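Owing to the predicted nature of the structure, the values given are computational and were not obtained by experimental measurement.
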Amino acid sequence: MGSDSRAAEQRVKWVYGAASAGQSRDRYDEWAPHYERDLLDTYGYRLPDAIAAHFTRWVTAPAHVLDAGVGTGLVGARLADRGFTDLVGLDNSSAMLQESARKGLYGELHHMTLGEPLGFESNSFDAVVSAGTFTEGHAPASGLRELVRVTRPGGHVVVGIRPDIIDSHGFRAVIDELVAGGAWELLERTEPYVAMEKVESHVLVETWCFRIL
């Protein structure tokens with residue numbers, strides 16, 4: 001393994017080892033210039049492609065879409081290629097938002113934190129997409145409630161969630177609570193798939209698609 005790959009792995013482990021939301025934000029700020037090269041080249045990150053493909057099975061353009069946990073805009077780039085041009089992004093890292101802004105794909109970018117109240121009116125979006133955010137050490141399961149609130153009835157929420165933390169991190173409990181409460185219905189839960197093909201290929205993700213009721 002080359003020195004660049006070793007450095008990339010060290011950065012990824014350092015970021016994912018954050019002990020708090022604030023520490024995670026600070027580490028993402030520092031990681032932002034290396035983010036895409038580390039994940040795409042070293043790790044073989046395929047989650048943005050997979051999530052975008054699943055998203056477009058349920059949502060068609062034009063649609064007013066929130067990219068929740070926008071990062072550097074990798075999902076937005078895939079959606080733009082599929083005809084989605086009305087995109088809004090949020091992230092808790094200012095540096096990651098700056099990287100997204102350089103792509104010129106988002107009409108709005110907001111500094112917000114999933115798990116906290118979002119500064120959008122209820123029923124603001126036709127759909128929400130989120131990739132690589134509801135995972136270990138990142139957005140909490142409680143953040144799903146706000147995604148429901150800001151999506152209009154009949155709209156869709158498409159999120160990637162790691163199956164190995166569904167129960168331990170409270171995702172199943174929140175998903176079931178929202179189903180039982182008539183907030184949303186599950187349309188699809190994919191089979192687990194590999195998110196990173198070159199490194200950590202044991203880490204699996206499922207895409208969940210819900211319709212807001």
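With D29 contributing its side chain and S94 its backbone, the two residues share a donor-acceptor pair below 3.5 Å. Between the side chain of S93 and the backbone N or O of M96 there is at least one donor-acceptor pair closer than 3.5 Å. When atom types are taken as modelled, the side chain of S124 and the backbone of E121 share a donor-acceptor pair closer than 3.5 angstrom. The closest donor-acceptor contact from the side chain of S130 to the backbone of A68 lies under 3.5 Å. Between the side chain of Y106 and the backbone N or O of G76 there is at least one donor-acceptor pair closer than 3.5 Å. Looking only at distances, a side-chain donor or acceptor of T56 sits under 3.5 Å from a matching main-chain atom of A53. Counting only distance, with no hydrogens or angles, the side chain of R189 and the backbone of T207 share no donor-acceptor pair below 3.5 Å.
Between the OH atom of Y45 and the CG atom of L74 there is a distance of 7.5 Å, given to the nearest 0.5 Å. The CD1 atom of I161 sits 10.0 Å away from atom CZ of R172, with the distance rounded to the nearest 0.5 Å. Here W208 contributes atom CH2 and I175 contributes atom CD1; the two are 4.0 Å apart, rounded to the nearest 0.5 Å. Here R11 contributes atom CZ and T42 contributes atom OG1; the two are 8.0 Å apart, rounded to the nearest 0.5 Å. A distance of 13.5 Å separates NE2 of H54 from CG of L187, quoted to the nearest 0.5 Å.
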Item to check | CA sep, side-chain torsions, deciding dist, call: L47, V205, side chain to side chain contact (heavy atoms under 4.5 Å, CB included) | outcome: CA-CA 8 Å; L47 190 54; V205 173; 3.8 Å; yes
Checklist entry - So T85 and L105, side chain to side chain contact (heavy atoms under 4.5 Å, CB included) or not? Walk me through it. => result CA-CA 7 Å; T85 58; L105 301 173; over 6 Å; no
Item to check | Residue pair D91, L114: steps toward the side chain to side chain contact (heavy atoms under 4.5 Å, CB included) verdict | outcome: CA-CA 8 Å; D91 205 279; L114 290 168; over 6 Å; no
Item to check | Step-by-step side chain to side chain contact (heavy atoms under 4.5 Å, CB included) determination, T135 to R162 | outcome: CA-CA 6 Å; T135 185; R162 282 177 50 172; 3.0 Å; yes
Next on the checklist: Using side-chain hydrogen bond (donor to acceptor under 3.5 Å, both in side chains), reason through D126 and H64 one step at a time and then give a plain yes or no.
Outcome noted: CA-CA 5 Å; D126 297 315; H64 188 43; 5.9 Å; no
Item to check | Candidate pair E99 and R102, rule salt bridge (Lys or Arg N to Asp or Glu O under 4.0 Å), full reasoning | outcome: CA-CA 5 Å; E99 295 294 325; R102 291 190 179 98; 2.7 Å; yes
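Residues L87 and D67 have side chains not in contact (no heavy-atom distance under 4.5 Å, counting atoms from C-beta outward). Between V203 and M196, every side-chain heavy-atom pair lies at or beyond the 4.5 Å cut-off. Taking 4.5 Å as the limit, every side-chain heavy atom of F125 sits out of range of all side-chain heavy atoms of L147. In this structure, the side chains of L144 and W184 come closer than 4.5 Å at one or more pairs of heavy atoms. Looking at V75 and V70, their side chains never come closer than 4.5 Å, going by heavy atoms from C-beta outward.
Considering all non-hydrogen atoms of both residues, A52 and R78 come closest at CB-CB, 3.5 Å. Listed here is the closest heavy atom pair of S142 and G115: OG-CA, 4.1 Å. Smallest separation of non-hydrogen atoms from H110 and L97: O-CD1, 3.6 Å. The two residues P153 and N123 make their nearest non-hydrogen contact at CD-OD1, 3.6 Å.
For H156 and F55, the ring centers are positioned 6.0 Å apart or more. A centroid separation of less than 6.0 Å is found between the aromatic rings of H138 and Y28.
Partner of C209 under the side-chain contact (heavy atoms from CB on, under 4.5 Å) criterion, out of L186, V158, T190: V158 alone. Partner of V128 under the side-chain contact (heavy atoms from CB on, under 4.5 Å) criterion, chosen from L90, V65, V148, V157: V157.
For the 3.5 Å distance criterion, the side chains of T72 and E36 qualify, holding a donor opposite an acceptor.
Y193 and F171 are assigned to two separate hydrophobic clusters, defined by single-linkage of ILVMFWY side chains at heavy-atom distances under 4.5 Å. Taken together through direct or relayed side-chain contacts under 4.5 Å among Ile, Leu, Val, Met, Phe, Trp and Tyr, V88 and I51 form parts of separate hydrophobic clusters. Hydrophobic clustering of Ile, Leu, Val, Met, Phe, Trp and Tyr side chains at less than 4.5 Å, counting indirect connections, unites M112 with F134. In the hydrophobic cluster analysis, where Ile, Leu, Val, Met, Phe, Trp and Tyr join through side-chain heavy atoms closer than 4.5 angstrom, F210 is grouped together with V174. By the criterion of side-chain heavy atoms lying less than 4.5 angstrom apart, applied directly or through intervening Ile, Leu, Val, Met, Phe, Trp or Tyr residues, V159 is grouped together with I166 in one hydrophobic cluster.
Ion pairing of E188 with R57 is present here, as a side-chain N (NZ or NE/NH1/NH2) and a carboxylate O approach within less than 4.0 Å. Taking 4.0 Å as the cut-off between side-chain N and carboxylate O, E146 and R149 count as a salt-bridged pair. Using a cutoff of 4.0 Å between basic side-chain nitrogens and carboxylate oxygens, E177 and R145 are scored as salt-bridged.
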